[in-house]
Amino acid sequence: MAEYTHLEKIRLQKIEELRAEGIEPYPTRAERSHTSREAIVALEAAESGAPEGQPAGEVKATLAGRIRATRAMGKLTFAHIEDGEGKIQLFLRINELGQEQVDFFNKMFDLGDFVQASGVMMRTRTGEPTLQVHSFRLLSKAVSPLPADKDETLENGTVLRHAALEDPELRARQRYADLAVNPDVRETFRKRAAIIKSIRNFLDDNGFLEVETPILQPLYGGAAARPFTTHHNELDQDMYLRISFELYLKRLLVGNLERVYEIGRDFRNEGVSFKHNPEFTQLEFYWAYADYLQVMDLTEQMVGHICDTVFGTRKFTFDKDENTRYELDFSSPWKRIQMRQGILDTSGIDIADHPTAESLFKAIVDKHPDQKPDPGAARGKLIDFLVGEFLEPTLIQPTFLYDYPRDISPLAKSIPGDPLTVERFEGYAAGFELCNAFTELNDPLDQEQRFIEMGRDYTDDEEEKHPMDDDYLRAMRYGMPPNGGFGMGVDRLTMLLTNKRSIREVLLFPALRNEE
RNA sequence: GGGCGCGUAGCUCAAUGGCAGAGCAGCGGCCUUUUAAGCCGUUUGUUGAGGGUUCGAUCCCCUCCGCGCUCACCA
C-alpha cells in the first residue's frame with residue numbers, strides 16, 4: 001500500500017472531486033490534430049502568407065501533452081505543455097472560456113497532468129507561438145508531482161534549468177521521471193536507437209544476414225568472463241546466460257551462411273563500473289573469406305557511416321573528466337599501431353626480446369621499478385599489463401592496435417611464421433576499448449589444443465576457465481571457411497558519440513541494487 | 001571486494017552539539033499578454049536505517065542500506 005505525501009493527497013482529493021462532478025480523470029480516448037512542432041510550423045506557414053496573396057488563414061489545432069508550467073493571472077492563465085517534440089504555450093482567457101472554466105483549470109489541473117486543448121494558434125505580445133484555448137479536457141491526472149524544475153530563458157537565448165532532477169541514483173531508478181523532465185535524456189536514447197539502426201542498415205547493405213542465437217546456453221564461451229547461471233526445471237539442467245555470441249555465429253559459417261551478424265545482449269557476472277553493466281549490448285559479425293585487415297577497413301567504414309547518418313559529422317567532443325576534453329575525429333583512416341611497436345614506444349620494452357613470462361616480467365620490473373605486474377602472470381597477461389599501463393592511455397584518437405599475443409586470444413589465428421602472435425586488433429578511442437576483432441581460428445585441431453590450454457594454464461580462477469565446447473569443435477571439423485570476426489560494445493560507442501561519461505547514461509534501466 | 005566521499009521538505013540546496021531553513025512546487029487571496037511572472041498570506045520533515053556517547057545528536061562515534069568517485073576485477 002502506497003504511502004501518500006501531502007502533495008499526493010491533495011491530488012487524490014481532486015480526483016475524487018472530478019469524479020463527483022462527472023469528469024473522468026482517466027478518459028479512454030484522446031484526440032490530437034497537431035504535435036507541438038507541427039502546430040508551430042502551421043502557424044509560421046500561415047503567417048508567411050497564403051499562396052497567391054490570400055489572407056493568412058486561421059490555424060486551428062488540438063494539442064495534447066503534459067503540463068510543465070502554469071502562470072495564472074486571474075482572468076487569464078498561461079501554461080506550457082510538453083509533448084514528444086517539445087513545449088508549447090497555452091493561453092486560457094475568460095473571453096473564450098468564461099471565468100468558470102479558467103478557474104476550473106487553475107484549481108483542478110496540476111503540473112504533470114496530461115491535457116488536451118483545442119483552439120487557434122496565435123502569437124503573444126512577445127511573439128511566442130501559442131494556442132489560444134477554446135476548450136480543454138483532462139487526459140490523465142498525475143497523482144505524484146514530477147520532480148519540479150523550471151526553465152529560465154536568458155537574454156542570450158540559452159535556457160537555464162533550475163532545480164532540475166540531477167541525482168544520478170534517482171535519475172536511474174526512476175528513469176520515467178528522468179525522461180519526463182529532462183529532454184536531453186530523451187534525445188540521448190533517440191540517438192542510441194539511431195546508432196543501432198544505422199549499424200543494421202550498414203551491415204544489411206553489405207550483404208550481412210541478421211540472425212538470433214541462444215541467450216540461454218548449456219555452455220558459455222567466446223570470452224573470458226564469469227557467467228550468470230540459471231536452471232531449467234523441466235530439463236533439470238543448469239543453463240548459462242551467454243557471455244558472447246561468437247561460438248554460435250561461427251557455427252553458422254560452417255553452415256555456409258557467409259556473412260552474419262547479431263545485435264543483442266550479453267551478460268557478464270563481473271563488477272559494475274562507469275563502463276561496465278552486467279548486461280550490455282553487443283554487436284558481432286563474421287565475414288567468410290575476409291581477414292582482420294579487411295575487417296579493420298570495414299570497421300572504419302561502418303563507424304564512419306554511423307557518424308555521417310546519425311550525427312552528420314565525424315568530429316566529436318568527448319569530456320573524459322572535468323578537466324580533460326578530447327576532440328575525436330572518426331575520419332578514415334584511423335591510426336594503426338602494431339602492439340609490439342606501441343609497447344616499445346611507450347614503455348621502452350620490446351616484447352619480441354622476451355619470449356617467456358619470466359624474461360618479460362624481469363624486463364618490466366627492471367625498467368619500471370614503480371610498476372607492480374602479477375609475478376605469476378602468463379606472458380600474454382604481462383603484455384596486456386603493459387598495454388593497459390603504458391599504451392592504452394595514449395590511444396585518444398580512433399586507433400587500431402593490432403597483432404596480439406596468442407595466449408590471451410584463444411579463438412584467433414596465428415600470424416604465419418609467428419606462433420606467439422595472432423591476427424587480432426582492438427579499436428580504441430578516448431583511451432578505452434571500443435571493439436575487438438580477429439582473423440578467426442578455423443583449424444579444429446588447433447582450436448581443441450587452445451581450449452585445453454585455456455582450461456589448464458590461463459588462470460587459476462575456476463570461474464574464468466574456458467570450458468571445452470565439444471559441439472563447437474564438432475562443427476569446426478566439418479570445415480569452417482577462413483573468416484574475419486568483429487565485436488563491439490554498442491553502449492560504449494554510444495557513450496563516445498553522445499559524450500556521456502557513464503554507461504548508465506546510455507542505458508535506460510541500468511543495473512542497481514534493490515531498494516530497501 | 002578495498003579506499004575516499006555523499007544521503008536534510010515533492011525538486012534543488014542551506015544550517016547548527018540546544019525550537020531544522022530558503023527558493024521552486026503546494027494551499028488561500030489579488031492580478032486580462034505572462035514566461036524562473038509578480039505581490040500578500042500560509043502548509044510541508046522519522047535530517048537514509050539502527051545503535052552508542054551526551055542533560056540534549058541532524059551534527060560526534062559504531063554498524064547497516066543506497067549512491068558517487070576510485071582501485072581491483074573486467075579478451
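Lettering of chains follows the sequences in order, A, B, ..., and the numbering in each one begins at 1.
For the pair Pro355(A)/Leu420(A), a side-chain contact is recorded, criterion being any heavy-atom separation below 4.5 Å from C-beta on.
Protein atom CG of Leu170(A) is 16 Å distant from nucleotide atom P of G66(B), rounded to whole Å. Between the CZ atom of Arg173(A) and the P atom of G48(B) there is a distance of 16 Å, rounded to whole Å.
For Asp110(A), taking side-chain heavy atoms from C-beta onward, the closest of the listed nucleotides A25(B), C31(B), C27(B) is C27(B). Of the candidates G68(B), U43(B), U34(B), the closest approach to any side-chain atom of Pro168(A) belongs to G68(B). Of the candidates G10(B), A25(B), U32(B), the closest approach to any side-chain atom of Thr5(A) belongs to G10(B). Picking from G66(B), U33(B), G26(B) the nucleotide with the shortest atom distance to the side chain of Arg125(A) gives U33(B). Set against G10(B), U32(B), U43(B), the side chain of His6(A) has U43(B) as its closest nucleotide. For Thr124(A), counting side-chain heavy atoms from C-beta on, the closest listed nucleotide (C67(B), U34(B), U70(B)) is U34(B).
Using a 4.0 Å heavy-atom cutoff across all strands shown, Ala172(A) reaches no nucleic acid atom at all. Looking at heavy-atom distances under 4.0 Å, Glu433(A) makes no contact with the nucleic acid at all. Counting any heavy atom pair closer than 4.0 Å across all strands shown, Glu426(A) reaches sugar-phosphate atoms only and no base atom.
Looking at residues two or more places apart in sequence or on another chain, you find a salt bridge (Lys or Arg N to Asp or Glu O under 4.0 Å) between Lys250(A) and Glu246(A), Glu440(A).
With ring centers used as reference points, Phe486(A) lies under 6.0 Å from Phe285(A).
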Check against salt bridge (Lys or Arg N to Asp or Glu O under 4.0 Å), Arg340(A) and Asp418(A)
CA-CA 13 Å; Arg340(A) 175 189 163 193; Asp418(A) 183 355; over 6 Å; no

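Between Arg71(A) and the phosphate of U34(B), there is no side-chain N or O to OP1/OP2 separation shorter than 4.0 Å.
Contacts between residues 9-21 of chain A and RNA chain B, defined by a heavy-atom separation below 4.0 Å, involve Ile10(A), Lys14(A), listed by number.
Using cut-offs of 30° and 60° on the angle between ring planes, the pair Phe400(A) and Trp334(A) is parallel.
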